[in-house]
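Here is the structure we will look at, set down as structure tokens.
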Amino acid sequence: MSVWEIMDYELAIIGAGPAGYSAAIYAGRSGIKTVVFDKIGGGGLALVSPKIENYAGFESIPGSELMDKMQKHAIKYADFHFIEEVKKITKNENLFTIETTNKSYTSKAVILCMGTEYRKLGIPGEQELQGKGVSYCSTCDGQFFKGKNVAVVGGGNSAVIEAIFLKQIGCKDVNLIHRRDQLRAEKAIEDEAITKQVKIMYRTHVESIHGDQKVDYLYLHDLTKDKKYNFSVDGIFVSIGEEPQNALAKMLDTKLDEKGYVIIDKQQRTNIKGVYAAGDITGGLRQIITACAEGAIAALTSTEVLGKKYPY
Ligand code: NAP
């Protein structure tokens, strides 16, 4: 029996964030029989971004709204399996077997779009008080802290946007705690934080998080004064970047860089024939617009192993 006779799908896309949605649109429109798996309901980390102001065509849009639009568009072109996690993936000759929480599928090509997950501080109290004042998502949990004092840890775009959002929804004092003397965030975002009266604490480390049933205070180290002290807050939002979700990439023996991101060429090919990667899992700029572009390129490049003519 040939590969084509036992194949369920020509292309399997793993992860339904911006890269996965875009790959599905381009694959489906090119006549590729495509399946998309997502362990939750799709949208990736962009889903919980309070607002996005640099996706061309949308001056300002909540991440949830943009992801909703992308999902409505993409589901026209592929079979989407939401809340179905891929647990194992193997390659045998030119056929991939994809084992999910539901069943097993086969495909001739795979695009890895699993994105990233929130990085943890790894300090005492963080795990114990998660959901009791320790959060990684202001959009999800910010409402619980209206009128209360919170801290946001980090100095990148995400942390500063989270801090602005928390101020906007009515948190009392929003303290941005950053380990260096300079933010990593874009100037426009930093300026907005200052205008919105986010308090920025530079050169400060959070050493531990304390509280009995809920967060009560943080133990901070002010590096400038070399002083350690307790700092009272009701909640702490950790926004210190992301880690690639690369477990499936490792199963396929795709090459990773030193930070664990999948290494790709300009056509989104990995080192394994038939395996492509797109979006945040490939590292680099990690923007929604670049994830979409990478998804489109990966889908069209995958035609090379599908015996199909490159459509454009
Ligand atoms: P990021 O840019 O990697 O910034 C992470 C921040 O956390 C850095 O300031 C870093 O400090 C700090 N940090 C890392 N580990 C830490 C630790 N253990 N303890 C304390 N602080 C720690 O991450 P991000 O802000 O999540 O953004 C991820 C990507 O998405 C970036 O490419 C970003 O540009 C993009 N993004 C863009 C937008 C936008 O609207 N343009 C919005 C959100 C995200 P250092 O500065 O000292 O390294």
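The basis for the numbers below is simple: all heavy atoms, side chains too, and nothing from hydrogens, waters or symmetry mates. Atoms within each ligand, like the ligands themselves, are counted from 1 in listed order.
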For this session: Assess whether side chain to side chain contact (heavy atoms under 4.5 Å, CB included) is satisfied between Asp79 and Thr34, documenting all intermediate values.
Result: CA-CA 6 Å; Asp79 287 347; Thr34 304; over 6 Å; no

Seminar exercise, completed: for atom 39 (C) of ligand 1, nearest protein heavy atom and its distance come out as Asn54 ND2, 3.3 Å

For this session: Name the closest protein heavy atom to atom 47 (O) of ligand 1, giving the residue it belongs to and the distance to 0.1 Å.
Result: Arg180 NE, 2.8 Å

For this session: Check the pair Asn175, Val150 against side chain to side chain contact (heavy atoms under 4.5 Å, CB included), reporting the backbone distance first and the verdict last.
Result: CA-CA 6 Å; Asn175 305 277; Val150 295; over 6 Å; no

Exercise. Hey, does the side chain of Lys91 reach the backbone of Lys273 with a donor-acceptor pair shorter than 3.5 angstrom?
Worked result: yes

Exercise. Within less than 4.0 angstrom of ligand 1, does Glu53 place any heavy atom?
Worked result: no

Seminar exercise, completed: min-distance protein heavy atom vs atom 48 (O) of ligand 1 -> Arg184 NH2, 2.6 Å

Seminar exercise, completed: Under 4.0 Å between heavy atoms, the region of Glu186 that gets near ligand 1 turns out to be side chain

Seminar exercise, completed: Of Tyr118, Tyr136, Phe145, the one forming a ring-ring contact (aromatic ring centres under 6.0 Å, His included) with Phe237 is Phe145

Problem set entry | Shortest heavy-atom approach to atom 27 (O) of ligand 1 - which of Ala185, Ser158, Gly283 | Ser158

Exercise. Would you say ligand 1 has an N or O under 3.5 Å from any N or O of Gly155?
Worked result: yes

Problem set entry | ligand 1 contact on Ile52 by region, counting heavy-atom pairs under 4.0 Å | neither

For this session: May I ask you to identify the nearest protein heavy atom to atom 32 (O) of ligand 1, giving residue, atom name and distance to one decimal place in Å?
Result: Leu285 O, 3.1 Å

Exercise. Going only through I, L, V, M, F, W and Y residues with side-chain contacts under 4.5 Å, is there a path from Met70 to Leu11?
Worked result: yes

Exercise. Which heavy atom of the protein is the closest neighbour of atom 10 (C) of ligand 1, given with residue, atom name and distance?
Worked result: Arg179 NH2, 3.8 Å

Exercise. What residue and atom, counting heavy atoms only, is the protein's closest point to atom 35 (C) of ligand 1, and at what distance?
Worked result: Gln287 NE2, 3.3 Å

Exercise. Taking the six-membered ring for Trp, are the ring centroids of Tyr105 and Phe37 within less than 6.0 Å of each other?
Worked result: yes

Problem set entry | Contact check: Ile161 vs ligand 1, nitrogen or oxygen atoms, below 3.5 angstrom | no

Problem set entry | Where ligand 1 meets Glu242 - atom numbers and elements under 4.0 angstrom, heavy-atom basis | 26 (O), 28 (C)

Problem set entry | Which of the ligand 1 atoms, numbered from 1, are nearer than 4.0 Å to a heavy atom of Gly241 | 5 (C), 23 (O), 26 (O)

Exercise. Does Asp280 come within less than 4.0 angstrom of ligand 1, counting non-hydrogen atoms of the residue?
Worked result: no

For this session: Specify the protein heavy atom at minimum distance from atom 19 (N) of ligand 1: its residue, its atom name, and the distance to 0.1 Å.
Result: Leu121 CD2, 3.6 Å

Exercise. Is any side-chain heavy atom of Ile177 less than 4.5 Å from a side-chain heavy atom of Leu218?
Worked result: yes

Exercise. If hydrogens are left out, which of Ile240, Leu183, Asp181 has an atom nearest to atom 22 (C) of ligand 1, that is, the closest non-hydrogen atom?
Worked result: Ile240

Exercise. Which atoms from ligand 1 have a heavy atom of His178 less than 4.0 Å away?
Worked result: 9 (O), 11 (O), 45 (P), 46 (O), 47 (O)

For this session: Kindly indicate whether the side chain of Ser49, heavy atoms from C-beta on, has any atom under 4.5 Å from the side chain of Leu45.
Result: no

For this session: For side chain to side chain contact (heavy atoms under 4.5 Å, CB included), just list the numbers for Ile200 and Leu183, CA-CA rounded to whole Å, side-chain angles, deciding distance to a tenth of an Å, and then say yes or no.
Result: CA-CA 9 Å; Ile200 306 178; Leu183 298 179; 4.1 Å; yes

Problem set entry | Steps toward side chain to side chain contact (heavy atoms under 4.5 Å, CB included) verdict (Glu294, Gln268) | CA-CA 7 Å; Glu294 289 188 6; Gln268 308 301 130; 3.3 Å; yes

Exercise. Do Asn230 and His210 have side-chain atoms, one donor and one acceptor, less than 3.5 Å apart?
Worked result: no

Problem set entry | Any Val275 side-chain heavy atom under 4.5 Å of Phe96 side chain | yes

Seminar exercise, completed: atom 30 (O) of ligand 1: closest protein heavy atom, distance to 0.1 Å, is Arg286 O, 3.5 Å

